[in-house]
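Structure, as structure tokens:
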Amino acid sequence: MIQDKRIKDFNPVAQSWDAKPQRQLLAQAVADAIRREIPFSGSPRALEFGCGTGLVCYLLLPQLATVTGVDRAPAMLEVFEQKARDLGQSERVTTFLASDEHLLPLRESFELIYSSMVLHHVPDYATVVSRLAAALIPGGYLALADLDLEDGDFHGPGEDVAHAGIDRELLQEQLRQLGLEEVRVVTAHHIRKQRGGGEKVYPVFLVTGRRPVV
């Protein structure tokens, strides 16, 4: 596999990832927004793309039947799996190590696919979104949370990312072009950081859409 240099290596920070309260608040806000925006009927089989350590996953798990966590960083998946063992939920949680060749588990489909703060790290995120939508069962939901377009100072010096946020309007249009229905967007959270001697606010949105029932 040829690693795209614009995709950050999250392996070195896996063990300390959960330590920042700001990340905990973001995960809670995204999980709450997914619960509000998606009508959970029964307990869906879910996939989290770019699951990291599972901050969002383990907040949603009580409403889900199973979760497949997908990530490119083996160290993140190790933390994700350890949490499942600690909670006694290993039977409901599986992982998949993504690569350039295989972004998603083969021959599987899901009733809910979601991600949080992932797309702005992915150079060709449109292709990723297309593959996620294709992995939904008829009637399944896609939920994508990400950073709104910003001027490039959200990440600190040396933190290379592929995009300075994501255009929520363009993402909604892509979901419609992929054939999803009930496409809508809400602001899920505001991240506050000290920039230029003062506080700056960065909105995080959640776009959702449903694959039509044939």
Side-chain angles (χ1 to χ4, degrees), residues 2-14 16-34 36-37 48-57 59 70-73 75-76 98 100 103 113-133 142-178 180 183-209:
I2 299 175
Q3 174 71 41
D4 191 311
K5 299 302 183 183
R6 292 170 294 175
I7 297 178
K8 181 178 177 179
D9 180 8
F10 285 91
N11 285 296
V13 296
S16 61
W17 186 256
D18 294 1
K20 289 188 176 180
Q22 191 176 75
R23 289 182 181 138
Q24 302 279 351
L25 290 173
L26 172 61
Q28 186 68 65
V30 169
D32 288 345
I34 291 173
R36 288 194 304 269
E37 294 302 304
E48 180 174 357
F49 184 78
C51 63
T53 63
L55 284 174
V56 176
C57 165
L59 292 170
V70 175
D71 208 281
R72 297 176 67 107
M76 286 286 195
D100 291 339
L103 291 177
I113 297 176
Y114 64 95
S115 74
S116 178
M117 299 291 279
V118 174
L119 299 183
H120 70 271
H121 289 283
V122 180
D124 185 10
Y125 73 83
T127 295
V128 168
V129 171
S130 178
R131 293 185 184 180
L132 295 178
L142 182 63
L144 305 171
D146 221 298
L147 183 68
D148 262 308
L149 286 176
E150 46 98 13
D151 58 12
D153 66 357
F154 177 85
H155 295 86
E159 289 189 80
D160 291 333
V161 292
H163 309 279
I166 300 294
D167 187 325
R168 62 167 72 186
E169 301 301 329
L170 287 179
L171 186 56
Q172 287 183 88
E173 182 58 29
Q174 183 187 3
L175 264 57
R176 294 188 184 100
Q177 291 179 359
L178 290 170
L180 299 191
V183 176
R184 53 180 279 125
V185 64
V186 297
T187 298
H189 188 54
H190 294 89
I191 298 174
R192 290 171 167 80
K193 292 191 173 188
Q194 293 299 314
R195 292 288 186 267
E199 184 180 76
K200 192 168 180 178
V201 179
Y202 302 88
V204 174
F205 64 83
L206 177 73
V207 167
T208 56

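Residue numbers run from 1 in the order of the sequence given. All values below were derived from every heavy atom in this structure, side-chain atoms included, with hydrogens, water molecules and symmetry-related copies excluded.
- Under the 4.5 Å side-chain criterion, counting only non-hydrogen atoms from C-beta, Phe49 is not in contact with Val129.
- Using a 4.5 Å cut-off on side-chain heavy atoms (C-beta onward), Glu199 and Lys193 make no contact.
- Atom-to-atom distance recorded for Leu175:CG and Arg184:CZ is 13.5 Å, nearest 0.5 angstrom.
- Between Met117 and Arg23 there is no side-chain heavy-atom pair separated by less than 4.5 Å.
- Taking CG from Leu149 and CD1 from Ile166, the interatomic distance works out to 7.5 Å, rounded to the nearest 0.5 Å.
- Taking the charged nitrogens against the carboxylate oxygens, Asp151 and Lys200 do have a contact shorter than 4.0 Å, which makes a salt bridge.
- Summarising the geometry of Thr187 relative to Pro203, their closest heavy-atom pair is CG2-CB, 4.4 Å, with the distance given to 0.1 Å.
- Using a 3.5 Å distance cut-off with no hydrogens or angles, the side chains of Gln172 and Glu169 do pair a donor with an acceptor.
- A 4.5 Å side-chain heavy-atom check between Asp71 and Glu48 finds every atom pair outside the cut-off.
- Between Leu119 and His163 there is no side-chain heavy-atom pair separated by less than 4.5 Å.
- The aromatic rings of Tyr202 and Phe154 sit perpendicular, their planes meeting at an angle over 60°, well past the 30° parallel limit.
- Panel note: side chain Arg168, backbone Val207; no donor-acceptor pair is recorded below 3.5 Å.
- Leu206 CG to Ser116 OG: the interatomic distance, rounded to the nearest 0.5 Å, is 9.0 Å.
- For the atom pair Asp148 CG and His120 NE2, the distance stands at 11.5 Å (nearest 0.5 Å).
- When all heavy atoms are compared, the tightest approach of Val118 to Gly50 is CG2-O, 3.6 Å.
- Considering all non-hydrogen atoms of both residues, Ala188 and Ala29 come closest at O-CB, 3.6 Å.
- In this structure, Gln174 contributes its side chain and Ala126 its backbone to a donor-acceptor pair below 3.5 Å.
- Remark: side-chain polar atoms of Arg195 are paired, donor with acceptor, to backbone N or O of Asp153 under 3.5 angstrom.
- The shortest distance between side-chain heavy atoms of Leu132 and Leu144 falls below 4.5 Å.
- The CD1 atom of Ile113 lies 13.0 Å from the CZ atom of Arg131; values are rounded to the nearest 0.5 Å.
- Scanning both residues, Thr208 and Ala143, for their nearest heavy atoms gives CG2-CB, 3.9 Å.
- Of the possible polar contacts, none joining the Gln28 side chain to the Leu59 backbone as a donor-acceptor pair under 3.5 Å is found.
- Expressed to the nearest 0.5 Å, how far CZ of Arg176 lies from CG of Leu171 amounts to 10.0 Å.
- Within the 4.5 Å cutoff, the side chain of Leu26 has no heavy atoms near those of the Gln22 side chain.
- A 4.5 Å side-chain heavy-atom check between Asp146 and Tyr125 finds every atom pair outside the cut-off.
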